[in-house]
Amino acid sequence: MTVGGVAKAAGLPPQTAAAIICGMNVQPDTLTKIAQALDVGLENIAQGMVLVPARRAGGESAAPELPAGQVRVDVVRFAEAVARSGLTLKRLAELAGVTPGTVRSIKRGGAHKAETVDKLADALGVTAEDIIKRGRKP
């Protein structure tokens with residue numbers, strides 16, 4: 001399938017699909033559309049998308065420190081859970097008792113209060129562990 005074909009099947013502008021191929025950041029919902037257009041799982045197309053950890057002096061990788069009580073959400077698994085739930089992001093926010101802005105922020109990754117992630121997981125019918133980013137294996 002061509003880039004234009006994928007874009008058309010996913011309901012995206014061709015320039016968006018091309019920009020993603022060139023390394024542009026992609027929102028989980030856009031990635032979900034592309035996976036559906038290709039009839040593959042998110043994990044099959046998100047494998048090359050890696051968070052590059054910070055570097056310590058001397059060049060060794062260092063996982064970014066999280067503030068106490070915060071966790072990092074795996075945006076791919078979060079997007080999958082949202083897709084499976086059939087909920088709109090607005091409805092998910094209502095059910096979890098958070099703002100739609102909080103849900104949009106979580107969709108982009110980053111650190112969030114563990115309590116907030118727990119509420120969202122409950123609303124999605126999954127455990128927090130299902131959507132929390134797992135540490136790298138040595």
Side-chain angles (χ1 to χ4, degrees):
M1 186 179 287
T2 65
V3 172
V6 171
K8 185 175 182 178
L12 300 171
Q15 56 270 43
T16 298
I20 291 167
I21 290 170
C22 292
M24 179 186 88
N25 290 336
V26 59
Q27 293 293 317
D29 56 336
T30 302
L31 192 61
T32 299
K33 290 177 185 177
I34 294 170
Q36 290 170 343
L38 294 172
D39 196 26
V40 298
L42 282 173
E43 67 281 356
N44 292 324
I45 61 174
Q47 290 174 352
M49 298 178 186
V50 178
L51 174 67
V52 178
R55 299 266 176 201
R56 291 185 183 148
E60 65 185 70
S61 293
E65 294 286 327
L66 291 177
Q70 295 201 353
V71 295
R72 195 169 308 280
V73 172
D74 184 302
V75 295
V76 172
R77 290 200 318 259
F78 181 73
E80 290 172 336
V82 171
R84 280 191 308 271
S85 75
L87 297 171
T88 65
L89 296 182
K90 181 179 178 183
R91 183 64 182 140
L92 172 59
E94 290 170 357
L95 290 172
V98 300
T99 67
T102 297
V103 177
R104 285 191 299 274
S105 174
I106 286 176
K107 278 180 44 181
R108 290 188 295 271
H112 302 279
K113 291 180 183 177
E115 177 183 346
T116 301
V117 175
D118 284 338
K119 290 178 184 179
L120 286 163
D122 285 344
L124 289 168
V126 299
T127 67
E129 290 76 24
D130 291 333
I131 59 174
I132 291 174
K133 187 175 277 282
R134 296 181 181 119
R136 293 179 181 231
K137 294 181 181 174

Close side-chain approach of Val103 and Val82, heavy atoms under 4.5 Å: no
Residues which pass salt bridge (charged side-chain N to carboxylate O under 4.0 Å, His left out) with Arg84, listed by chain and number, not counting sequence neighbours: none
Residue list, side chain to side chain donor-acceptor pair (under 3.5 Å) with Thr102, at least two apart or on another chain: Thr99
Non-neighbouring partners of Glu94 that pass side chain to side chain donor-acceptor pair (under 3.5 Å), sequence neighbours left out: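 In terms of side chain to side chain donor-acceptor pair (under 3.5 Å), with neighbours along the sequence ignored, Glu94 is linked to Arg91.
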Arg77 to Glu129 - nearest heavy-atom pair and separation: NH2-O, 3.7 Å
Shortest non-hydrogen contact between His112 and Val73, atoms and distance: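 Looking at all heavy atoms of both residues, the shortest contact is CD2-CG2, 4.3 Å.
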Atom pair CG/CZ of Asp74 and Arg72 - distance to nearest 0.5 Å: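 So the CG of Asp74 and the CZ of Arg72 are separated by 11.0 Å.
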Distance, nearest 0.5 Å, that separates NZ of Lys33 from CG of Leu12: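 Going from NZ on Lys33 over to CG on Leu12, the span is 5.5 Å.
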Report, one line per pair, each donor and acceptor closer than 3.5 Å where one atom sits in a side chain of residues 118-128; sequence neighbours left out.
residue	atom	partner	partner atom	Å
Thr127	OG1	Asp130	N	3.3
Thr127	OG1	Asp130	OD1	3.4
Thr127	OG1	Asp130	OD2	3.1

Test side chain to side chain contact (heavy atoms under 4.5 Å, CB included) applied to Lys8 - qualifying residues, sequence neighbours left out: none
